[in-house]
Trainee: 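My questions all concern the structure below.
Given the structure is predicted, the values throughout are model-derived calculations rather than measurements.
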Amino acid sequence: MGSTSAENNGSAGVGRRDLIKRSAALGLISVPTMSFLSACASSGGGDNGNKAKAGKKTAKNPLGVNDTAGMEFVLFDGGFGKEYAQDAVKIYETNFPKVKVKFSATQKIQSTLQPRFNQGTPPDLIDNSGAEQMDMGVLVGKKQLADLTPLLDAPSYDDPNKKVRDTLRPGIVEMGQFDGDPVWIMYYAYTVYGVWYSQKALDSLDAQYPKTWDEMLAVCEKAKKKGMAGWTYAGKYPYYIPFSLYPMIGKVGGREVLDAIDNLEPNAWKHPAVKACFDAYYELYKKGYILKGTPGLDHIQSQTAWAKGKALFIPNGSWVENESANVIPADFNLAVSAPTGIDSSDKMPFGTIWASGGEPFIVPAKAANPEGGMEQLRIMLSEASSKNFTTKVKSLTAFNGGTTGISLTPGLKSGVAALKLAGDNVLNPRLQDWYVQLQKEQIGVAGLGEMMAGRLTPAEAIKKIQGFADAAAKDTSIKHYKHQ
């Protein structure tokens with residue numbers, strides 16, 4: 001998602017972020033089927049006959065990059081744009097003046113790179129994000145990715161006495177793990193997911209951000225009377241809805257409910273907290289608080305309608321500030337909040353939020369120059385590159401810092417405040433990392449999308465989603481993961 005998300009920017013999803021995100025902004029096509037996704041990882045890992053010889057390890061070259069070998073970098077072209085990556089490439093080329101980096105950006109990660117994985121000639125570094133994100137679980141299960149532990153244990157770019165892993169935000173290393181110690185993914189962006197809105201619009205309603213669902217419905221009714229819908233979302237990509245729904249489920253029932261869902265445990269979706277939250281969201285549809293036509297809108301269209309004041313709230317990731325910069329009015333006063341809960345009986349306090357790594361970068365196992373791909377990431381995880389990213393795309397990075405001396409934009413400032421309010425109450429659902437098809441096509445499109453369009457009741461949606469999860473749990477063709 002990245003830049004997504006879910007486009008993550010999402011796209012990912014993210015994105016942004018596409019989930020995830022994405023993890024991050026998303027591409028503009030639907031997600032491929034699992035069989036298509038699996039095809040990208042049909043062959044196991046192994047040595048590439050074109051591998052560059054490793055260079056000599058020195059203080060300035062701790063990963064032993066071959067200083068004459070080319071390096072190829074493919075970026076997801078989403079809500080974060082490509083300038084931040086191009087800036088980091090220039091540093092790589094300055095440090096290795098005999099090298100020319102082949103850099104490209106695309107929204108079609110899956111269809112562009114699948115044939116190259118099959119041929120054993122993938123790029124050296126990939127930002128695997130957006131609607132065409134390759135399935136991480138499949139890539140890891142088929143041994144298609146290089147372990148990034150050498151990068152994490154290398155001296156950081158700024159301080160040779162500090163390892164790269166010791167400069168990262170909490171949870172980033174763990175997110176890149178699937179089973180045991182190897183780290184397969186470096187999530188570069190740090191995404192705050194939640195409910196995004198205009199503080200100016202909320203003030204115009206003489207309302208506070210709602211903490212309980214009764215308060216949410218009251219605010220939406222106020223908005224409706226003024227000709228504004230309460231909510232909109234990416235109707236064509238309804239796996240954006242979990243950006244606020246999943247942390248709400250965790251807030252209401254506790255983080256163990258989300259863990260059980262991630263673990264594909266029997267009846268996990270039948271937990272009372274899931275039912276309460278599905279019923280709450282369905283009420284938005286039933287009471288007419290969803291912007292008319294939302295099920296037919298993509299992420300850009302829904303964000304544009306929201307930015308123009310047609311809807312008050314939208315579930316999204318922090319890439320939305322950059323992705324919608326050209327349509328958000330100067331006096332919008334963008335803000336994000338943790339999800340509204342049900343009432344005081346919720347297991348976790350108000351402020352419980354989903355925040356995690358987005359924009360997943362990978363180094364393929366068969367890359368010709370894996371040391372070069374990791375060195376590019378080491379450069380990107382420096383304070384200077386982190387500040388450059390944050391300044392240009394209005395989002396935090398995995399580097400734990402990088403905001404000193406920067407004038408924070410409204411959305412970024414609000415995201416930092418939301419993280420501070422959350423404290424230790426930060427949730428990190430893994431479904432979108434472990435089971436891409438289940439999360440996007442099935443839970444998102446076939447389940448939540450149908451429910452929010454009024455074509456399924458909450459009970460029917462839960463039954464359908466539980467069936468999808470049970471089928472995934474029994475599917476021996478996919479690798480299964482569990483919270484440790």
Side-chain angles (χ1 to χ4, degrees), residues 51-73 75 84-101 103 123-127 145-178 180-190 356-365 367-391 395-406:
K51 270 197 189 294
K53 291 182 179 178
K56 184 180 179 182
K57 291 186 179 182
T58 65
K60 287 190 175 182
N61 185 13
L63 289 167
V65 176
N66 182 326
D67 63 4
T68 62
M71 194 272 285
E72 185 181 2
F73 180 179
L75 186 83
Y84 78 93
Q86 290 170 318
D87 291 342
V89 165
K90 289 174 187 173
I91 297 172
Y92 186 101
E93 291 179 332
T94 298
N95 293 349
F96 301 100
K98 297 177 185 175
V99 171
K100 178 65 180 172
V101 175
F103 175 85
D124 303 305
L125 180 62
I126 301 167
D127 173 16
L145 303 183
D147 179 7
L148 300 179
T149 299
L151 164 68
L152 294 167
D153 288 339
S156 69
Y157 196 79
D158 302 307
D159 183 355
N161 296 314
K162 189 181 283 189
K163 292 180 179 180
V164 169
R165 68 169 70 242
D166 296 327
T167 68
L168 305 177
R169 294 183 186 278
I172 289 293
V173 171
E174 289 77 11
M175 273 197 74
Q177 296 172 322
F178 281 67
D181 295 330
V183 178
W184 307 110
I185 306 160
M186 174 53 64
Y187 287 88
Y188 185 66
Y190 194 73
S356 64
E359 226 54 39
F361 282 77
I362 54 176
V363 174
N369 185 7
E371 295 85 8
M374 291 188 205
E375 177 64 15
Q376 182 68 80
L377 279 173
R378 194 174 78 95
I379 291 167
M380 290 168 65
L381 291 167
S382 67
E383 182 171 11
S385 289
S386 180
K387 278 188 174 182
N388 185 51
F389 179 87
T390 299
T391 301
S395 180
L396 300 172
T397 74
F399 177 78
N400 197 2
T403 57
T404 306
I406 296 177

Trainee: Quick check for you: to the nearest 0.5 Å, what is the distance between L148 atom CG and M374 atom CE?
Mentor: 5.0 Å
Trainee: Who pairs with E72 by side-chain contact (heavy atoms from CB on, under 4.5 Å), at least two apart in sequence or on another chain?
Mentor: V74, K102, R116, P123, D124
Trainee: Who are the side-chain contact (heavy atoms from CB on, under 4.5 Å) partners of S382, not counting sequence neighbours?
Mentor: Y157, D158, A384, S385
Trainee: Which heavy atom in I362 sits nearest to a heavy atom in I185, and how many Å separate them?
Mentor: CG2-CG1, 4.0 Å
Trainee: In chain order, what residues pass the side-chain contact (heavy atoms from CB on, under 4.5 Å) check against P370, with sequence neighbours excluded?
Mentor: K51, V363, A367
Trainee: Any donor and acceptor pair, going by atom type alone, linking the side chain of T390 with main-chain N or O of S395 inside 3.5 Å?
Mentor: yes
Trainee: Tell me the closest heavy-atom pair linking M380 and A88, and the distance in Å.
Mentor: CG-CB, 3.6 Å
Trainee: Taking side chain as C-beta onward, heavy atoms only, is V173 less than 4.5 Å from L168?
Mentor: yes
Trainee: What distance separates K60 NZ from F96 CZ, expressed to the nearest 0.5 Å?
Mentor: 11.0 Å
Trainee: Measure the CD-OG1 distance between E383 and T404 for me, rounded to the nearest 0.5 Å.
Mentor: 6.5 Å
Trainee: State, with a plain yes or no, whether a side-chain heavy atom of L63 is found less than 4.5 Å away from one of P150.
Mentor: yes
Trainee: Determine yes or no for a side-chain-to-main-chain donor-acceptor pair under 3.5 angstrom, with T167 supplying the side chain and V164 the backbone.
Mentor: yes
Trainee: Please name all residues satisfying side-chain hydrogen bond (donor to acceptor under 3.5 Å, both in side chains) with D159, sequence neighbours left out, ordered by chain then number.
Mentor: none
Trainee: Return the set of residues passing side-chain hydrogen bond (donor to acceptor under 3.5 Å, both in side chains) with N61 (not counting sequence neighbours), or none when no residue passes.
Mentor: none
Trainee: Restricting to ring pair (Phe, Tyr, Trp, His ring centres under 6.0 Å), what partner residues turn up for F389, sequence neighbours left out?
Mentor: F80, Y84, Y188
Trainee: For the side chain of D67 and the backbone of K98, is there at least one donor-acceptor N/O pair under 3.5 Å apart?
Mentor: no
Trainee: Excluding sequence neighbours, so at least two apart, what forms side-chain contact (heavy atoms from CB on, under 4.5 Å) with P182?
Mentor: D147, W184
Trainee: So how far is it from I172 CD1 to N400 CG, rounded to the nearest 0.5 Å?
Mentor: 9.5 Å
Trainee: Of all heavy-atom pairs between D153 and R165, which one has the smallest distance, and what is that distance?
Mentor: OD1-NE, 2.8 Å
Trainee: With rounding to the nearest 0.5 angstrom, report the CG to CG distance, L152 to L377.
Mentor: 9.5 Å
Trainee: Mind listing the closest non-hydrogen atom pair of M186 and L151 along with its distance?
Mentor: CE-CD2, 4.5 Å
Trainee: Determine whether T397 and Y190 make a side-chain contact, defined as any pair of heavy atoms from C-beta on separated by less than 4.5 Å.
Mentor: no
Trainee: Where do F399 and S386 come nearest, in terms of heavy atoms and distance?
Mentor: CB-OG, 3.6 Å
Trainee: With R169, which residues qualify under salt bridge (Lys or Arg N to Asp or Glu O under 4.0 Å), at least two apart?
Mentor: none
Trainee: Let me see the working for N95 and V65 under side chain to side chain contact (heavy atoms under 4.5 Å, CB included), right down to the final yes or no.
Mentor: CA-CA 11 Å; N95 293 349; V65 176; over 6 Å; no
Trainee: Rounded at 0.5 Å granularity, tell me how far CG in D166 sits from CG in N161.
Mentor: 11.5 Å
Trainee: For K100, enumerate each residue passing the salt bridge (Lys or Arg N to Asp or Glu O under 4.0 Å) test, keeping only those at least two apart in sequence or located in another chain.
Mentor: E93
Trainee: Residues in side-chain hydrogen bond (donor to acceptor under 3.5 Å, both in side chains) with E371, at least two apart?
Mentor: none
Trainee: Provide the closest heavy-atom pair for N66 versus A52 in the form atom of the first, atom of the second, distance.
Mentor: ND2-CB, 4.3 Å
